[in-house]
**Student:** 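Please see the structure below; I have some questions.
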Amino acid sequence: MCGRYTTTMTWREMHDLYRITEGVPALNLEPNYNVTPTSRMPIVRDREADGREAVLARWGLIPFWHKGDIKTARMLNNARAETVSSLASFREPFRRRRCIVPADGFYEWTGEKQARLPWYIGMGDGGTLSMAGLWDRWEPKDGSPPVDSFAILTTGPNKIMAPIHERMPVFLDPPQFDAWLNAKTDAPDLLAMLRPYRDDALIAYRVSTEVNSNRSAGAHLTQPLTDEPRQPTLL
DNA sequence: CCAGACGTTGTT
DNA sequence: GTCTGG
DNA sequence: CCAGACGTTGTT
DNA sequence: GTCTGG
């Protein structure tokens with residue numbers, strides 16, 4: 001779940017929403033309506049000493065202990081909330097390297113393998129979403145620069161998602177940002193945040209299969225199909 | 001003790 | 001069928 | 001997540 | 001790096 005998402009957030013919007021520390025270098029952000037794993041995308045995290053930054057990182061977490069080259073690394077796009085505190089790949093990132101992944105929405109597919117049908121899920125009011133994430137830093141043995149990468153937390157579905165899929169990303173609201181990003185927050189408080197999103201905010205609708213290809217781009221990818229209901233009716 | 005894994009998703 | 005790449 | 005590849009040899 | 005399996 002959540003193997004494709006969208007974001008149109010500008011640096012200014014990101015700076016204000018997440019209270020990025022003044023002086024952090026601005027990122028040159030382009031709208032992306034088809035973010036795929038391995039893309040370099042902005043994440044928000046607390047700095048070690050103090051303050052908060054937004055940096056580009058690779059979608060697909062590479063554990064710090066990974067041996068071999070980047071091509072042999074497992075692609076960890078998602079991390080299940082239910083097991084994130086204990087699994088080898090996520091334990092340390094969950095304890096000390098949490099982040100927020102800015103998004104507008106995400107895609108999900110239904111149907112059989114030969115005919116997968118994409119849906120878009122976003123905020124009903126057109127607002128942004130803040131996905132709970134983990135990041136890690138992997139140092140290649142050949143001396144090339146460190147690679148920062150991230151995974152998106154998943155949990156069970158809310159009422160909007162249930163007809164479409166059995167998992168959904170964890171979304172955080174502004175009152176939760178500080179605690180989620182703060183390295184000192186205790187595990188029980190963190191785990192309590194990893195809940196399905198409230199039922200009254202999201203909408204889901206069918207979109208064109210054009211988004212199936214990772215080469216497709218453009219705002220029209222999130223436009224609703226005509227002749228299709230705005231509410232999920234499958235399953 | 002050492003060797004080997006370390007992950008999620010979907011679909012049949 | 002299964003793995004890799006984006 | 002889906003799409004696309006899935007391989008070796010030799011020559012430029 | 002750390003845990004699990006043998």
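Letters A, B, ... are given to chains in the order of the sequence lines, protein chains preceding strands, and every chain is numbered from 1.
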**Student:** Between dC6(B), dC2(D), dC1(D), spot the one nearest the side chain of A88(A), thanks.
**Tutor:**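 The closest nucleotide is dC6(B).
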**Student:** Just call it for S39(A): base, sugar-phosphate, or nothing, with non-hydrogen atoms closer than 4.0 Å on any strand.
**Tutor:**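 It contacts nothing in the nucleic acid.
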**Student:** Give the rounded distance in Å between these two atoms: CH2 of W59(A) and C1' of dT4(C).
**Tutor:**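 After rounding, the gap between these two atoms is 16 Å.
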**Student:** Rounding to an integer number of Å, can you tell me how far W119(A) CH2 sits from dC2(D) P?
**Tutor:**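 Between P of dC2(D) and CH2 of W119(A): 15 Å.
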**Student:** Sticking with atom P, work out how far dC3(C) lies from dG7(D), rounded to a whole angstrom.
**Tutor:**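 12 Å, rounded to whole Å.
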**Student:** Any base atoms under 4.0 Å from E210(A), or only sugar-phosphate, or nothing? Heavy atoms, all strands.
**Tutor:**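 Counting heavy atoms under 4.0 Å across all strands, no contact is made by E210(A).
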**Student:** Could you tell me if D104(A) and T6(A) have a donor-acceptor pair between their side chains, going purely by distance under 3.5 Å?
**Tutor:**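 T6(A) vs D104(A): no donor-acceptor pair found between side chains.
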**Student:** Can you tell me the pairing partner of dC6(B) across any strand shown, Watson-Crick or G-U wobble, with both distances under 3.5 angstrom?
**Tutor:**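 Matched dC6(B) with dG1(E) under the 3.5 Å cut-off.
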**Student:** Please check if the side chain of W180(A) supplies one atom and the backbone of C99(A) the other of a donor-acceptor pair under 3.5 Å.
**Tutor:**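 Yes: the side chain of W180(A) pairs with the backbone of C99(A).
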**Student:** Checking all strands, does F90(A) fall into the base, sugar-phosphate, or nothing category for heavy-atom contacts under 4.0 angstrom?
**Tutor:**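 Since only primed, P, OP1 and OP2 atoms lie under 4.0 Å of F90(A), the category is sugar-phosphate.
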**Student:** Report yes if a side-chain nitrogen or oxygen of K71(A) is closer than 4.0 Å to either non-bridging phosphate oxygen (OP1 or OP2) of dT4(C); otherwise report no.
**Tutor:**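 No, because none of the side-chain N or O atoms of K71(A) sits under 4.0 Å from OP1 or OP2 of dT4(C).
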**Student:** Between atom CH2 in W138(A) and atom P in dG7(B), what is the gap in whole Å?
**Tutor:**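 Interatomic distance, CH2 of W138(A) to P of dG7(B): 18 Å.
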**Student:** Between dT4(E) atom P and L87(A) atom CG, what is the distance in whole Å?
**Tutor:**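 Taking atom P of dT4(E) as the reference, CG of L87(A) is at 11 Å.
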**Student:** Which of the following nucleotides, dA3(D), dC1(D), dG1(E), is nearest to the side chain of N77(A)?
**Tutor:**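 Nucleotide nearest to N77(A)'s side chain: dC1(D).
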**Student:** Need one value for F106(A): base, sugar-phosphate or nothing, where a base atom within 4.0 Å counts as base even if backbone is also close, heavy atoms only.
**Tutor:**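 No contact.
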**Student:** Below 4.0 angstrom, N of the basic side chain to O of the carboxylate: do D69(A) and K71(A) qualify?
**Tutor:**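 Salt bridge: no.
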**Student:** For a quick check of understanding: with a heavy-atom distance under 4.0 Å over all strands, which category does E108(A) fall into, base, sugar-phosphate or nothing?
**Tutor:**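 Counting heavy atoms under 4.0 Å across all strands, the contact made by E108(A) is with sugar-phosphate only.
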**Student:** With rounding to whole Å, what would you report as the distance between dC2(B) and dT9(D) at their C1' atoms?
**Tutor:**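 Those two atoms are separated by 42 Å.
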**Student:** Using a heavy-atom cut-off of under 4.0 Å over every strand shown, decide if N78(A) touches base, sugar-phosphate, or nothing.
**Tutor:**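 Sugar-phosphate contact only - N78(A) comes under 4.0 Å of backbone atoms but never of a base.
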**Student:** NA contact type, R80(A), heavy-atom cut-off 4.0 Å: base, sugar-phosphate, or nothing?
**Tutor:**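 It contacts sugar-phosphate atoms only.
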**Student:** How close or far is atom P of dC3(E) from atom NE2 of H66(A), stated in whole angstroms?
**Tutor:**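 The answer, rounded to whole Å, is 20 Å.
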**Student:** Measure CZ/R40(A) against P/dG5(C) and give the value in whole Å, please.
**Tutor:**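 About 18 Å, once rounded to whole Å.
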**Student:** For L61(A), which contact category applies under a 4.0 Å heavy-atom criterion: base, sugar-phosphate, or nothing?
**Tutor:**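 Touches nothing.
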**Student:** Should V55(A) and M41(A) be regarded as members of a common hydrophobic cluster, given that ILVMFWY residues are connected when their side-chain heavy atoms come within less than 4.5 Å of each other, either directly or indirectly?
**Tutor:**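 In one cluster with V55(A): M41(A), yes.
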**Student:** Could you tell me how far apart E82(A) (CD) and dG7(B) (P) are, to the nearest whole angstrom?
**Tutor:**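 Answer to the nearest Å: 14 Å.
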**Student:** Say we look at dG4(B) and dG4(D): how far apart would their C1' atoms be, to the nearest angstrom?
**Tutor:**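 One C1' to the other, the span is 31 Å.
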**Student:** Test D148(A) against every option in R45(A), R97(A), R58(A) by the salt bridge (charged side-chain N to carboxylate O under 4.0 Å, His left out) rule and name the one that passes.
**Tutor:**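 Going through R45(A), R97(A), R58(A) one by one, the salt bridge (charged side-chain N to carboxylate O under 4.0 Å, His left out) with D148(A) is satisfied by R45(A) alone.
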**Student:** According to the 5.5 Å centroid and 30° plane-angle thresholds, does W109(A) stack upon the nucleobase of dC1(D)?
**Tutor:**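 Aromatic stack with dC1(D) absent for W109(A).
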**Student:** Hey, does the side chain of N214(A) come within less than 4.0 Å of dC2(D)'s phosphate (OP1/OP2), counting only N and O?
**Tutor:**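 For dC2(D), OP1/OP2 do not have a side-chain N/O of N214(A) under 4.0 Å.
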**Student:** What's the gap between dC1(D) and dT12(B) when it is taken at their P atoms, as a whole Å value?
**Tutor:**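 Straight-line distance between the two P atoms is 13 Å.
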**Student:** Nearest nucleotide by nearest heavy atom, which residue falls closer to the 5' end of DNA chain B, E112(A) or R167(A)?
**Tutor:**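 Upstream on the strand: R167(A).
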**Student:** Can you see if the side chain of T154(A) gets near the phosphate of dG7(B) - specifically, an N or O under 4.0 Å from OP1 or OP2?
**Tutor:**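 T154(A) to dG7(B) OP1/OP2: no side-chain N or O under 4.0 Å.
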**Student:** Grab the CZ-C1' distance between F150(A) and dT8(B) for me, whole Å please.
**Tutor:**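 In whole Å, dT8(B) C1' lies 15 Å from F150(A) CZ.
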**Student:** S89(A) near the nucleic acid: base, sugar-phosphate alone, or nothing, with a heavy-atom cut-off under 4.0 Å?
**Tutor:**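 Sugar-phosphate: the residue S89(A), judged by heavy atoms under 4.0 Å, touches backbone atoms but no base.
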**Student:** In terms of side-chain geometry, is the basic nitrogen of D189(A) or K184(A) positioned less than 4.0 Å from the acidic oxygen of its partner?
**Tutor:**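 No, D189(A) and K184(A) are not salt-bridged.
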**Student:** For dG4(B), does the base pair up with any side-chain atom of K67(A) as donor and acceptor (N or O, under 3.5 Å, distance only)?
**Tutor:**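 Answer is no: no donor-acceptor pair is held.
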**Student:** Within the structure shown, what part of the strands sits under 4.0 Å from P63(A) by heavy-atom distance: base, sugar-phosphate, or nothing?
**Tutor:**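 No contact.
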**Student:** Quick one: is dG4(D) close enough that its OP1 or OP2 comes under 4.0 Å of any side-chain N or O from R215(A)?
**Tutor:**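 Yes.
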**Student:** Can you tell which of L129(A), L27(A), L29(A), T128(A) makes a side chain to side chain contact (heavy atoms under 4.5 Å, CB included) with M9(A)?
**Tutor:**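 Only one of L129(A), L27(A), L29(A), T128(A) forms a side chain to side chain contact (heavy atoms under 4.5 Å, CB included) with M9(A), namely T128(A).
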